[in-house]
Amino acid sequence: MTKEENEKRLTYLKGIVSRLPDKPGSYQFYDDTKTIIYVGKAKNLKSRVSSYFHTEVDRFKTKVLVSKIFDISYTVVNTEEDALLLENSLIKKYNPRYNVLLKDGKTYPSIVVTNEYLPRIFKTRTINKKWGTYYGPYSHVGAMYAVLDLIKELYHPRTCMTPITKEGVETGKYKVCLDYHIKKCMGPCVGKQSYEDYQKNILQAREILKGNTRQVLKDLKDEMLRLSEELRFEEAEEVKRKYIALDTFVSKSEVVSHTINNVDVFSITSDEKMAYINFVHVSNGSVNQSFTIEYKKKLNESDEELLQLGIIELRQRFKSDAKEIIVPEEVDVELEGVKFTVPKLGDKKTLLDLSIMNGKQYKFDRLKQAEKLNPEQKQTRLMKELQDKLHLPKLPYQIECFDNSNISGTDAVAACVVFKGMKPSKRDYKHYNIKTVEGPDDYASMKEVVHRRYTRLLDEEQPLPDLIIADGGKGQMEVIRQVIQDELDLDIPIAGLAKNDRHRTNELLYGFPPLSIALKTDSELFHVLTQIQDEVHRFAIEFHRNKRSKRALHSELDNIPGIGPKTRDGLLNALKSVKKIREAKLSELETVIGPAKARIVYDFFHAEEKAPEQN
């Protein structure tokens, strides 16, 4: 590979890395033959994958790996644990060349509920569905033992290895063991606990292992309340402890479930122009494939039509023979021997949600890539998003924002910044000296500035903004409304950016009376709005600071009739301070500014000395 080819390869890979999400997931590296050579996991995909391409990487093995990478794919999940499980599943399927640490074939432990007459519940690393039902696997062994201990504490399933039969129990073939005497088993083998009661406990244990704890929690709560009413407080406290332990426990994984095998999952995410179809394949209880394709709409095709096409294409591409397909809604297509499922709850719904999340992430990544090539596309998207959020009649191309600045009412100023196409238009910025307001009155100052601003725009027939944003909450919005609507009879939308108790902007307000607009504080749109707010604040503070500085620099020399800035600056440069100028002899002043002006300055500072002589 030539130097130019290598640089082109790295540029392509770094482009992918720059678009990776800050989410947990698994990533896959491909060589030039499209073969997976490495599978990894990450708590933060962008941070982890970008570390491979830092110039300071000095490990030889890492350098070798990076030199073999020609493409990157990834799958996002919700938790770091799920990323770990997904990594394990993909490594076992693809056996990548550089994943040497997991070639020993070990797997994470699971919990099995056996198919015996009196079922047992224990951990295992061997999966044989003839023995029973499996739950897990658990990447954190501590979590697995926690749920096992909880089940043992709540339901006391038997732990003995004896193969117990119905006939053996009825004929008294068995004897109780130590567990019965220490109250860890209720003796179902000798009829001390009925078969029905034992099976009821096993059924509830299965619900806990599935993650369906709502009914179990309700039963525990009812029991706790009953014991409290009967004044059996110690027993009620013990039930309460069990309730809390169960309530805080999460026992299911989103990417692995032994109850699901050989299933395809499809979802679609679309907009006016494009559709993105994600495919997830589950085999032997594990997600081992996640892939997204995109369609460019030409004839306003429906999501259902495109999803049908995607299902056929992706199943052929990946040679899937799954007999069940999970989809978000009913599709009008029939495949021989294949069942379509639209799940509402449970593990299958969790897998569908995982597919939807990956489809949306792929769409977002493609959008970011397009916006890098065409920055104006991003601005248009943000303007459209703001228009939709506020239900504006047109795109808010020109946005103006106001802010005041003063210290106890002195040197009061205001500022107006203008954003066009979501970008600052600094040549249109304006600052104002407050003329009609005395003292610290922000509302009156805002009213004066807004009136001056839009009266002038109307007089000069300049374009009016599409949206006005107040750097403040309801009070500032109302003041602006009074000017815009009541006094000037203009129809300009008005929004406000309100701050919380920590003086941090936390909500967008709109309408009269103002209502909070649903907008995530970590969204791109919110960041742009706070950028507008920060910019007007900066501009106002900067103007106010300059005004105070000029006032502070105002010299007594400025009060001398006949002495201009040039003479003043010449004196200050020569004598360094007003004090030294005041104390200077007439001859010293003459050498700097000449006899005529020297006499004016000297007489100004010595007027009090001459006054008695004139009397």
Test item: [X] side-chain N/O and [Y] main-chain N/O as donor-acceptor pair under 3.5 Å:
| X | Y | result |
| --- | --- | --- |
| Ser26 | Thr75 | no |
| Tyr198 | Arg158 | yes |
| Ser516 | Leu509 | no |
| Thr341 | Pro343 | no |
| Asp22 | Lys46 | no |
| Glu170 | Thr165 | no |

Considering only heavy atoms from C-beta outward, does the side chain of [X] approach that of [Y] to under 4.5 Å?
| X | Y | answer |
| --- | --- | --- |
| Phe122 | Thr114 | yes |
| Ile311 | Val327 | yes |
| Cys189 | Thr162 | no |
| Ile244 | Lys240 | yes |
| Ile277 | Glu313 | no |
| Leu220 | Leu154 | yes |
| Val265 | Leu354 | no |
| Pro328 | Leu307 | yes |

For the residue pair [X] and [Y], what are the closest heavy atoms and their distance?
| X | Y | answer |
| --- | --- | --- |
| Arg125 | Pro109 | NH1-CD, 3.7 Å |
| Ala205 | Ile121 | CB-CD1, 3.8 Å |
| Lys323 | Gly337 | CD-O, 3.5 Å |
| Val77 | Gly25 | CG2-CA, 3.8 Å |
| Arg48 | Lys41 | CG-O, 4.1 Å |
| Asp303 | Ser270 | OD1-OG, 2.8 Å |

Just checking [X]: does its [atom1] atom have more than 12 heavy atoms from other residues, nucleotides or ligands closer to it than 6.0 angstrom?
| X | atom1 | value |
| --- | --- | --- |
| Leu345 | CG | no |
| Tyr295 | OH | yes |
| Glu230 | CD | yes |

(request) Answer yes if the side chains of Glu294 and Thr292 hold a donor-acceptor pair under 3.5 Å, and no otherwise. (result) no
(request) Give a yes-or-no answer on whether the side chains of Ser267 and Asn278 include a donor-acceptor pair shorter than 3.5 Å. (result)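 Absent: no donor and acceptor within the cut-off.
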[X] [atom1] to [Y] [atom2] distance, which is reported to the nearest 0.5 Å:
| X | Y | atom1 | atom2 | result |
| --- | --- | --- | --- | --- |
| Ser194 | Met186 | OG | CE | 8.5 Å |
| Asp264 | Leu314 | CG | CG | 9.0 Å |
| Leu231 | Phe233 | CG | CZ | 4.5 Å |
| Lys384 | Asp388 | NZ | CG | 3.5 Å |
| Asp32 | Phe70 | CG | CZ | 4.5 Å |
| Leu13 | Ser18 | CG | OG | 11.0 Å |

(message) Tell me whether Asp222 is salt-bridged to Arg226, with the criterion being a basic N under 4.0 Å from an acidic carboxylate O.
(response) no
(message) Before you tell me yes or no, could you show the steps for Tyr38 and Ile36 under side-chain contact (heavy atoms from CB on, under 4.5 Å), namely the whole-Å CA-CA distance, both residues' side-chain angles and the distance that decides it to 0.1 Å?
(response) CA-CA 6 Å; Tyr38 185 79; Ile36 293 180; 6.0 Å; no
(request) Run the numbers on Ile202 and Tyr155 for side-chain contact (heavy atoms from CB on, under 4.5 Å), then give the verdict. (result) CA-CA 7 Å; Ile202 294 296; Tyr155 304 115; over 6 Å; no
(message) Checking Arg315 against Ile325 for the side-chain contact (heavy atoms from CB on, under 4.5 Å) test, could you report, in this order, the C-alpha distance in whole Å, the side-chain angles of both residues, the deciding distance, and whether it holds?
(response) CA-CA 10 Å; Arg315 279 174 63 90; Ile325 299 176; 3.6 Å; yes
(message) Pair Leu118, Tyr195 - check side-chain contact (heavy atoms from CB on, under 4.5 Å), show working.
(response) CA-CA 8 Å; Leu118 295 177; Tyr195 174 78; 3.9 Å; yes
